[in-house]
**Student:** 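This is the structure, below, for whatever I ask next.
None of the values given here were measured: they were computed from a predicted structure.
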Amino acid sequence: MPLGLYVSRCGGRVSDAIDIEQAVENARSQTAVLRVVDDLFDPAVQDLMARDVADAGLDAIVLAGHSLNHYRRSLSGQYLKDRLVDAGVNPNRVVAANLLEQVALVHPDDRRGATTKARALIDVAVLRATLSDEQEGIETQPRASVLILGATSEGLVAAQRLLQLGFAVVIADRADGATKLRESDDMRATVSFVTSHPDSQFVEGVSIADGQGWLGDYEIAMETGAGRVTHRVGGILLASPEETDWVTELRQHFRVDVDDDGMARSLHPATHPAETVDPGIMTVPSREGNGQMRDRVAAADSAAIALVLKLSQPKTVHYRDTSIVDESLCGGCATCVRTCAFGACYIGEDGLSHVDVRRCRGCGKCVVSCPVGARDIVNSPHDYVIGAIRTLAETKFDGEDEKVLGFLCGGCGYPAADSASEAVGNGTGSYPASFLPLRIPCGGRLDTLYVLEAFKAGFDGVAVFRCKEGHCHNLIGNLDMDRRVNLLRTVLRSRWVDDSRLRIVDISPFEGERFVNQVVELNETIRTLDNGKGGPQ
């Protein structure tokens, strides 16, 4: 498998803290192309990468520099990955090695430790790129229609904009919101335009009963006083972010992040204020107090234009980032059916388990629950996770710092580790470079086998950073994990491993300082145990 490794100096921020030549030492023999550049977002560099894909026949690429989240949350950050996919590389084989946020910026005064850690993360990224199967792409012609949740002033303004641009709208409300808005001088004309438009429809007194699909093609079933109605739309706009019942109902079927108040959280308040982690679900940016009309209009425009840009594409491609079933092992026990919070697992007429790709969110809980190992997940295959644990365990650091493996859930743990770089930059003390991160899609994906493997491979401690209760992108991944971990602690003690070497941390994406403090505290705990009782057996 020809692989290309592209290492970014990130304008000197990476190269000032890391010896890049040493960091790529292990990976050099596994690459068909290895280039060190100043900036991966330089158009000339991107042109060069596209040519390398064609000339060297690359079918896997490691981008060593920015965090994975950087590509998602910076303006046009996804464009680089899109270019590589257009050049012929499957998106599941375009892998980020986070050398900036989780190495260089958090270990600025430990060049040797940062270099050692960077080498380990590059090795793991190469492993991930080479072991991952290709994702299946499902093409969709986006539906020119939008479901707007909430007949608020923002919802009506967004509906007006969408209707003027040729989109049909369905406006759902808990009560008769349009009647209330007619009483406002500011909104009377807008309400009249929207309610009289032939491509608009109001559905009142409703709640969301079911949902499936993805950007460009959602199927939403809603309960009304007259019974259940179903709508097929291209996108969803949450016009009442403070009405948390809508958010709660959406989260039963789609991946939507929430803040501490239960409101839908955007990808980034500065760069993507209206976009959520589900690319087809938008939220009107929150405002303080009642807000002036100009603020409401601006917020509505932000959400509407974000949807228009996505739904105006001639096609969208949904890459099947789901679990898969090995039918030769499946016994049809239906454990996965009982485990899946999204109703994505079902037993077919053949008596075997199958995956409804329109409902599966790729969390991996069904993989962990399968008693015969018949399931795996495309974005975090079992062989890769085990291989990554062993690769990281082989990393040798100078000094006396304890070596800790950190499982970081993709929803909150991984972005919290990124935000630790800001905390360190603002004066918070750093943490040892011997803390080695490993991203998993969800806390529910954490198999107890992985924790046991980590201790067996030689780690002094294991930390799991996951979403807080009620914030899990996959609803109950935390609860499923708790049941397994409580049993695991008993197993650890039976193997003469003090279970305080395993730390579970509930964290939010922006708690960088807390992330640092938790890693430091765990290291101090392990150091005390080592001085008093020796290391794990």
Side-chain angles (χ1 to χ4, degrees), residues 73-77 144-204 233-247 250 256-312 510:
R73 298 182 178 182
S74 62
L75 288 170
S76 300
S145 57
V146 174
L147 170 64
I148 298 176
L149 300 177
T152 62
S153 55
E154 292 94 336
L156 270 294
V157 169
Q160 180 194 48
R161 303 293 196 256
L162 291 164
L163 289 166
Q164 289 174 325
L165 291 171
F167 290 83
V169 298
V170 177
I171 304 172
D173 199 66
R174 300 288 183 188
D176 187 359
T179 298
K180 291 182 294 184
L181 287 171
R182 283 194 186 97
E183 300 172 0
S184 166
D185 285 338
D186 291 328
M187 292 301 301
R188 188 172 291 118
T190 304
V191 172
S192 177
F193 173 85
V194 174
T195 56
S196 63
H197 199 286
D199 290 330
S200 71
Q201 178 181 354
F202 275 83
V203 187
E204 297 170 340
V233 295
I236 301 170
L237 194 155
L238 184 61
S240 302
E242 70 282 352
E243 193 168 345
T244 56
D245 286 345
W246 286 125
V247 181
L250 279 175
V256 178
D257 192 13
V258 293
D259 61 18
D260 291 338
D261 296 320
M263 297 170 61
R265 176 182 280 150
S266 65
L267 270 180
H268 195 283
T271 59
H272 296 78
E275 298 183 39
T276 71
V277 291
D278 187 311
I281 300 178
M282 302 296 161
T283 180
V284 170
S286 60
R287 47 185 166 75
E288 296 182 1
N290 292 326
Q292 298 183 20
M293 180 54 67
R294 65 180 183 186
D295 297 328
R296 296 183 180 191
V297 171
D301 283 343
S302 173
I305 194 63
L307 262 182
V308 168
L309 290 173
K310 292 181 179 291
L311 298 181
S312 297
F510 303 107

**Student:** Any side-chain heavy atom of Phe202 within less than 4.5 Å of one from Thr195?
**Tutor:** yes
**Student:** Can you list the residues that meet the side chain to side chain contact (heavy atoms under 4.5 Å, CB included) rule with Thr244, with sequence neighbours excluded?
**Tutor:** Met263
**Student:** Work out which heavy atom in Ile171 is nearest to a heavy atom in Ala159; give both atom names and the distance.
**Tutor:**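 Reported closest heavy-atom pair: CD1-CB, 3.8 Å.
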**Student:** Val170: what forms a side chain to side chain contact (heavy atoms under 4.5 Å, CB included) with it, not counting sequence neighbours?
**Tutor:**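 Val170 satisfies side chain to side chain contact (heavy atoms under 4.5 Å, CB included) with Leu147, Gln201, Val203, His231 only.
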**Student:** With Arg73, which residues qualify under salt bridge (Lys or Arg N to Asp or Glu O under 4.0 Å), at least two apart?
**Tutor:**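 Salt bridge (Lys or Arg N to Asp or Glu O under 4.0 Å) check on Arg73 returns nothing, list empty.
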**Student:** Specify the closest pair of heavy atoms between Val256 and Ala264, including all atoms of both residues, with the distance to one decimal.
**Tutor:**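 Answer, listing the atom of Val256 first, then Ala264: CG1-CB, 4.2 Å.
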**Student:** Would you give the length of the straight line joining atom CG of Leu238 to atom OG1 of Thr152, rounded to the nearest 0.5 angstrom?
**Tutor:** 9.0 Å
**Student:** To the nearest 0.5 angstrom, please state how far the CG atom of Leu237 sits from the CE atom of Met282.
**Tutor:**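 It comes to 8.0 Å.
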**Student:** With side chains defined as the heavy atoms from C-beta onward, is the minimum distance between Leu149 and Leu250 less than 4.5 Å?
**Tutor:** yes
**Student:** Nearest 0.5 Å, please: how far is CD1 in Ile236 from CH2 in Trp246?
**Tutor:** 11.0 Å
**Student:** What is the distance from atom CZ of Arg265 to atom CG of Asp260, rounded to the nearest 0.5 Å?
**Tutor:** 6.5 Å
**Student:** Got a sec, which residues hit side chain to side chain donor-acceptor pair (under 3.5 Å) with Asp301, two or more places apart in sequence or on another chain?
**Tutor:** Arg161
**Student:** Taking side chain to side chain contact (heavy atoms under 4.5 Å, CB included) as the definition, give me every residue that meets it alongside Ser200, ordered by chain and number, with sequence neighbours left out.
**Tutor:**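 Result, side chain to side chain contact (heavy atoms under 4.5 Å, CB included) vs Ser200: Leu163, Val169, Val194, His197.
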**Student:** Is there a side-chain contact between Arg296 and Val284 (heavy atoms, below 4.5 Å)?
**Tutor:**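 No - every pair of side-chain heavy atoms lies 4.5 Å or more apart.
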**Student:** Closest heavy-atom contact between Ala274 and Ser302?
**Tutor:** CB-OG, 3.8 Å
**Student:** What residue pairs, at least two apart or across chains, pass side-chain hydrogen bond (donor to acceptor under 3.5 Å, both in side chains) with a residue in residues 271-283?
**Tutor:** Tyr218-Asp278
**Student:** Could you tell me which residues satisfy salt bridge (Lys or Arg N to Asp or Glu O under 4.0 Å) with Asp261, sequence neighbours excluded, listed by chain and number?
**Tutor:** none
**Student:** Kindly write out the residues that satisfy side chain to side chain contact (heavy atoms under 4.5 Å, CB included) with Ala168, not counting sequence neighbours, or none if the list is empty.
**Tutor:** Ser145, Asp199
